[in-house]
*Asks:* 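Pasting in a structure now, in structure tokens, and then I'll have a few things to ask.
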Amino acid sequence: MARAGLTTQRLVRAGAELADEVGFDQVTVSALARRFDVKVASLYSHLKSSQDLRTRIALLALEELADRAAEALAGRAGRDALTAFANVYRDYAREHPGRYAAARFRLDPETAAVSAGGRHAQMTRAILRGYDLREPDQTHAVRLLGSVFHGYVSLEAAGGFSHSAPDSEESWEWILDRLDALLRNWPAHADPRIS
């Protein structure tokens with residue numbers, strides 16, 4: 001029998017909070033049961049497994065990030081859109097480190113197809129259309145931006161930039177300026193089969 005007051009949504013939100021506190025990898029159904037001071041078995045009427053819980057947290061994180069990004073991008077283009085988009089990811093990672101990690105959790109293809117991950121890709125491509133990038137360069141640029149944003153955020157979170165000048169904020173702005181310049185001056189795609 002399900003414990004009164006416990007719902008799947010409440011458990012997933014609590015799991016997301018737990019992820020921010022102790023790390024996404026530490027989130028299990030057992031840890032969640034301890035948080036609610038209930039037996040593990042009482043949660044299985046809402047969650048199938050720790051994998052199911054992590055998947056649901058990942059879906060929540062992707063949705064939250066997509067909502068924030070959509071709001072930040074409204075009415076922006078070019079460098080302003082690029083900066084707003086990048087800052088959403090950086091700010092979210094700072095505020096919710098466990099959820100940010102969850103947003104990178106590998107989902108099965110069917111789950112990924114119905115997740116907010118597609119919205120992230122659409123927003124990135126919308127930004128890149130402002131730079132007049134065409135395929136396959138647009139896909140390369142999507143991967144470049146994701147790699148730079150995630151790499152910087154991950155290194156910053158690990159303290160990688162805290163022990164030398166210039167400060168992290170100055171480097172972040174410099175990187176966004178250089179990305180903007182790169183995208184504005186992206187070389188025309190050349191077919192490698194033509195020499």
Side-chain angles (χ1 to χ4, degrees), residues 16-27 54 57-107 112 115-189:
E17 291 168 11
L18 184 62
D20 288 337
E21 293 167 17
V22 301
F24 180 63
D25 292 341
Q26 302 303 311
V27 176
R54 287 189 195 106
I57 294 169
L59 293 171
L60 171 69
L62 286 168
E63 190 73 34
E64 288 177 344
L65 261 170
D67 290 346
R68 284 187 181 198
E71 184 176 328
L73 287 173
R76 297 179 190 263
R79 167 86 164 65
D80 288 342
L82 177 68
T83 299
F85 193 66
N87 285 336
V88 163
Y89 283 87
R90 186 176 183 219
D91 293 346
Y92 190 80
R94 288 172 163 177
E95 293 168 31
H96 300 292
R99 292 180 204 204
Y100 180 77
R104 295 184 321 277
F105 185 63
R106 186 180 187 115
L107 301 172
S115 77
R119 288 176 58 203
H120 294 266
Q122 289 170 350
M123 286 184 276
T124 307
R125 288 180 185 280
I127 291 167
L128 294 173
R129 279 193 296 277
Y131 290 100
D132 200 30
L133 267 68
R134 306 275 189 262
E135 286 300 347
D137 292 332
Q138 195 176 94
T139 297
H140 297 316
V142 167
R143 292 172 180 169
L144 170 70
L145 294 178
S147 298
V148 171
F149 299 161
H150 173 64
Y152 195 91
V153 164
S154 297
L155 289 169
E156 184 178 48
F161 307 131
S162 61
H163 52 313
S164 63
D167 73 2
S168 182
E169 190 63 36
E170 185 178 337
S171 292
W172 179 248
E173 290 300 321
W174 184 92
I175 287 167
L176 294 177
D177 283 340
R178 296 318 173 270
L179 284 172
D180 174 62
L182 171 65
L183 293 170
R184 279 187 286 109
N185 298 293
W186 195 277
H189 180 70

*Asks:* What I'd like to find out is whether the side chain of Asp91 reaches to under 4.5 Å of the side chain of Tyr100, using heavy atoms alone.
*Replies:*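 Heavy-atom side-chain distance check fails, nothing below 4.5 Å.
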*Asks:* Name all residues meeting the salt bridge (charged side-chain N to carboxylate O under 4.0 Å, His left out) criterion together with Arg119; count only those two or more places apart in sequence or in a different chain, and write none if there are none.
*Replies:*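 Arg119 satisfies salt bridge (charged side-chain N to carboxylate O under 4.0 Å, His left out) with Glu63, Asp67 only.
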*Asks:* Only one of Glu173, Glu169, Glu95 passes salt bridge (Lys or Arg N to Asp or Glu O under 4.0 Å) with Arg90; say which it is.
*Replies:*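 Going through the options one by one, the only one that passes is Glu169.
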*Asks:* Is any side-chain heavy atom of Arg94 less than 4.5 Å from a side-chain heavy atom of Glu156?
*Replies:*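 Yes, side chains in contact.
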*Asks:* Does the ring center of Tyr92 lie less than 6.0 Å from the ring center of His96?
*Replies:*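 Here the rings of His96 and Tyr92 have centres that are less than 6.0 Å from each other.
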*Asks:* Given 3.5 Å as the limit, does a donor-acceptor pair link the side chain of Asp20 with the main chain of Arg99, or not?
*Replies:*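 Answer holds: yes.
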*Asks:* In terms of heavy-atom contacts, does CZ of Arg178 have more than 12 from other residues, nucleotides or ligands at under 6.0 Å?
*Replies:*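 Counting other residues, nucleotides and ligands, CZ of Arg178 exceeds 12 neighbours.
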*Asks:* Would you say Arg76 and Leu82 make side-chain contact, with heavy atoms under 4.5 Å?
*Replies:*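 No. Closest side-chain heavy atoms not under 4.5 Å.
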*Asks:* Any side-chain heavy atom of Leu59 sitting closer than 4.5 Å to one from Leu107?
*Replies:*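 A side-chain contact under 4.5 Å exists here.
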*Asks:* Which residues pass the salt bridge (charged side-chain N to carboxylate O under 4.0 Å, His left out) test with Glu71, sequence neighbours left out?
*Replies:*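 In terms of salt bridge (charged side-chain N to carboxylate O under 4.0 Å, His left out), with neighbours along the sequence ignored, Glu71 is linked to no residue.
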*Asks:* Indicate yes or no for a side-chain donor-acceptor contact from Tyr131 to the backbone of Gln138 under 3.5 Å, with no hydrogens or angles considered.
*Replies:*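 Between the backbone of Gln138 and the side chain of Tyr131 there is no qualifying donor-acceptor contact (under 3.5 Å).
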*Asks:* Do Leu182 and Leu144 have side chains that get closer than 4.5 Å, going by heavy atoms?
*Replies:*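 They are in side-chain contact.
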